[in-house]
A.B. asks: 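One structure coming up, written as structure tokens, with questions to follow.
The structure presented is a predicted model; accordingly, all values stated were derived computationally and were not measured. Proteins come first, then strands; the chains are lettered A, B, ... in the order of their sequence lines, and each starts at number 1.
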Protein chains: 2
Amino acid sequence: MQTLPAATEDTPTRTDICSAAPRRHPRPDGQDRYTISEVAAFTGLTAHTLRWYERIGLMSHIDRSHTGQRRYTNRDLDWLDLVGKLRLTGMPVADMVRYAELVREGDHTFDERRELLETTRQDVLARIAELRDTLAVLDRKIDFYSSERTR
Amino acid sequence: MQTLPAATEDTPTRTDICSAAPRRHPRPDGQDRYTISEVAAFTGLTAHTLRWYERIGLMSHIDRSHTGQRRYTNRDLDWLDLVGKLRLTGMPVADMVRYAELVREGDHTFDERRELLETTRQDVLARIAELRDTLAVLDRKIDFYSSERTR
DNA sequence: CGCTTGCTTCGAGTGCACTCCAAGGTCATA
DNA sequence: TATGACCTTGGAGTGCACTCGAAGCAAGCG
């Protein structure tokens, strides 16, 4: 933990997307191989969307069963978790694909990844500020309507 | 006149969308009649979008010059301001149109308008919470990438 | 007067992020 | 072993929020 946390339990890849997050592996059940519908149920995405994510390069290669069906791992779930978070910052899918590519390219893209995340961070801060602003307007109007009613 | 105020000009109409906001009339210049391109410049929307807003019922009737060209008032700018705020909360345009309809229907829709705004308010609060959450994830990852680089 | 710029309308086109379909193969259970 | 739920693919379709185009009218200027 102190010096160099292995990126994943079972495969210590430095490039792993989620190394910085606290491990929360034990998923729905204890397994590490989920069907597409299990993942759909767990993430709230549809199976269609999961396949589409893969097609556009937002998910790197997903394991397959001997008959070719997708078998998602806990690592994939972690990644989908991050994608979900980034998605609700309003980050375009194309940018997330870019990030995914950087991850696939290996450790030498660390700097670029950090920059990308820092840009996103600024966007999120800005968006929060905007929303606060909007909240103030909303509150003013709600007050107005409330006080009008009791006049 | 008293009982049913005409809903135009600078008169304090109860139904006015922006009664609850502090007046900040003096716009770009001191006037109260702007062309569509002036409004476009001021709001950042395109003329196309402004016309489209009108078509779908998001703007109630806009004044016209004697030759049929649109002449926007400060009141219209106020409304566009609100629309802009609501838009960036992620509120669908259809809901904003609904709100616009309520405004057009008159004072007896005050309650419904307040409810709509309160629902929106909750949405905004929820979204801010989500964004904070995302920010935490982002910060963790940025830290990770920074510390990796300086190892 | 001609020229440029800006306005009008309506309908069609765009880009994004899914979302669904058809045709067929696979898996669990009665 | 048969039934029905679930999986595969590529490609087409959907909904939203614009965005643009075409044809034509109008205003200001040298």
A.B. asks: Looking only at heavy atoms, what is the nearest atom pair of Arg114(B) and Ser146(A), with distance?
C.D. replies: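 Looking at all heavy atoms of both residues, the shortest contact is CD-OG, 3.0 Å.
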A.B. asks: Please check if the number of heavy atoms outside Arg71(B) that lie under 6.0 Å from its CZ is greater than 12.
C.D. replies: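 Counting neighbours around CZ of Arg71(B), more than 12 heavy atoms of other residues, nucleotides or ligands fall under 6.0 Å, so yes.
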A.B. asks: More 5' along DNA chain D: Arg55(A) or Arg71(A), using each one's nearest nucleotide?
C.D. replies: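 Closest to the 5' end, via its nearest nucleotide, is Arg71(A).
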A.B. asks: Closest approach of Leu131(B) and Leu88(A), non-hydrogen atoms and distance?
C.D. replies: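 For Leu131(B) and Leu88(A), the tightest heavy-atom pair comes out as CD2-O, 3.6 Å.
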A.B. asks: Can you tell me how far P of dC7(D) sits from OH of Tyr72(A), to the nearest Å?
C.D. replies: 10 Å
A.B. asks: Do Glu105(B) and Glu112(B) have side chains that get closer than 4.5 Å, going by heavy atoms?
C.D. replies: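 A side-chain contact is absent here, since even the closest heavy-atom pair is not under 4.5 Å.
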A.B. asks: Does a donor on one side chain and an acceptor on the other come within less than 3.5 Å for Thr73(A) and Asp76(A)?
C.D. replies: yes
A.B. asks: Within the pair Arg87(B) and dC18(D), is there a side-chain N or O less than 4.0 Å away from OP1 or OP2?
C.D. replies: yes
A.B. asks: Map Met91(A) and Thr67(B) onto DNA chain C by nearest heavy atom, then report which one ends up closer to the 5' terminus.
C.D. replies: Thr67(B)
A.B. asks: Using 30° and 60° as the class limits, which term best fits the ring planes of Phe110(A) and Tyr145(B): parallel, tilted or perpendicular?
C.D. replies: perpendicular
A.B. asks: Tell me which residues in residues 45-54 of chain B lie within less than 4.0 Å of DNA chain D, going by non-hydrogen atoms.
C.D. replies: His48(B), Thr49(B), Trp52(B), Tyr53(B)
A.B. asks: Expressed in angstrom and rounded to an integer, what is the separation of Ile56(B) atom CD1 from dC18(D) atom P?
C.D. replies: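 So the CD1-P distance, Ile56(B) to dC18(D), works out to 8 Å.
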A.B. asks: With heavy atoms under 4.0 Å as the rule, sort Ser65(B) into base, sugar-phosphate or nothing.
C.D. replies: nothing
A.B. asks: Where does the chain A footprint on DNA chain C start and end, counting 5' to 3' with a 4.0 Å heavy-atom cut-off?
C.D. replies: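 Result: dA17(C) to dC27(C).
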A.B. asks: Assuming nearest nucleotide by heavy-atom distance, tell me which of Pro92(A) and Ser37(B) is located more 5' along DNA chain C.
C.D. replies: Ser37(B)
A.B. asks: Kindly say whether Glu115(B) contributes a backbone atom to a donor-acceptor pair with the side chain of Thr119(B) at under 3.5 angstrom?
C.D. replies: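 Flag set: sc Thr119(B) to bb Glu115(B) pair under 3.5 Å.
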A.B. asks: Taking 4.0 angstrom as the limit, do Arg70(B) and Asp63(B) come out as a salt bridge?
C.D. replies: no
